[in-house]
Amino acid sequence: PPDVCCLGLAKTFGSGPTATEALRPLDLTFAAGQTTALLGPSGCGKSTLLRLVAGLEAPSAGHVTIGGNSPAQVCARAGLAMAFQDASLLPWRTVRGNIALALTLARQPADPALVERLIALVGLDGFGDRRPAELSGGMRQRVAIARCLAAEPRLLLLDEPFGAVDELTRLRLNFDLPRLWEKRGTTTILVTHSVTEAVLLSDRVLVFSPRPASVVADIAVSLPRP
Ligand code: ADP
Ligand code: ADP
């Protein structure tokens, strides 16, 4: 059964002559355990779609269900995690503290060994005690990725999560993350500007038209994973 269901999902910001139709009624399903990459021109509504799925915005029409539940219900059970372009870490918490918080909020034990494994996964060994202000933008994004993987959410929403990550780390993550997701059976929706990244990371690539978005291509990717 599909994990994420968008039915007649639409979003208009504002009203009257200044209204912006960010998303026009869209029917989309995302299969459980699959990774889908969203590609499309800037401003076509990709982030809006992700924010609607996360329950951060209320739809103007239609609705989203995640395994039959509302985004709010799934959020409350920490079944959903999202990483944004701006990593939005807690500035007074260390790298370790930021990652551990995700576990605490999911009512899971803040297992120090798990936190260290996540730090290593995103290539930040030795930086566990740093605070966000002491890290580069790319490093902060990597903390955000580690943080949203921590509680093993069933649904992962990633909005250009590697924008500032250096090329080598990015390449490594492009190979390591799909294996991790596959093992865990995570459903992932990823917004990216990189066609290469879309193909490397996902099972399906959706290409959107300019705003208001419609799906102009729906491509199944079947890449043998090393
Ligand atoms: P993308 O992620 O594809 O670049 P967005 O979803 O961010 O596109 O934006 C889609 C459209 O909605 C754009 O025209 C953007 O300016 C507009 N938009 C997004 N968020 C808001 C908001 N909070 N208020 C008003 N307009 C918005
Ligand atoms: P840890 O790495 O042990 O999790 P943090 O770096 O997260 O520690 O926190 C450093 C200190 O900041 C701690 O003493 C913590 O109690 C304190 N702190 C926590 N929340 C806040 C807050 N909202 N404002 C200011 N300080 C805070």
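Atoms within a ligand are numbered from 1 in the order they appear, just like the ligands themselves.
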Ligand 1: protein residues within heavy-atom distance under 4.0 Å:
F13, T20, A22, P41, S42, G43, C44, G45, K46, S47, T48, R211
Should the pair D166-R142 be classified as a salt bridge under the 4.0 Å nitrogen-to-oxygen rule?
yes
Could you walk me through whether R96 and E116 pass the salt bridge (charged side-chain N to carboxylate O under 4.0 Å, His left out) check?
CA-CA 8 Å; R96 220 169 257 132; E116 292 315 308; 2.7 Å; yes
With rounding to the nearest 0.5 angstrom, report the CG to OG1 distance, L201 to T36.
11.5 Å
Any side-chain donor paired with an acceptor under 3.5 Å for T12 and E21?
no
Does L149 form a side-chain contact (heavy atoms from CB on, under 4.5 Å) with L121? I'd like the steps, not just the answer.
CA-CA 10 Å; L149 295 171; L121 175 78; 3.6 Å; yes
When you check the side-chain N and O atoms of T94 and D129, is any donor under 3.5 Å from an acceptor?
no
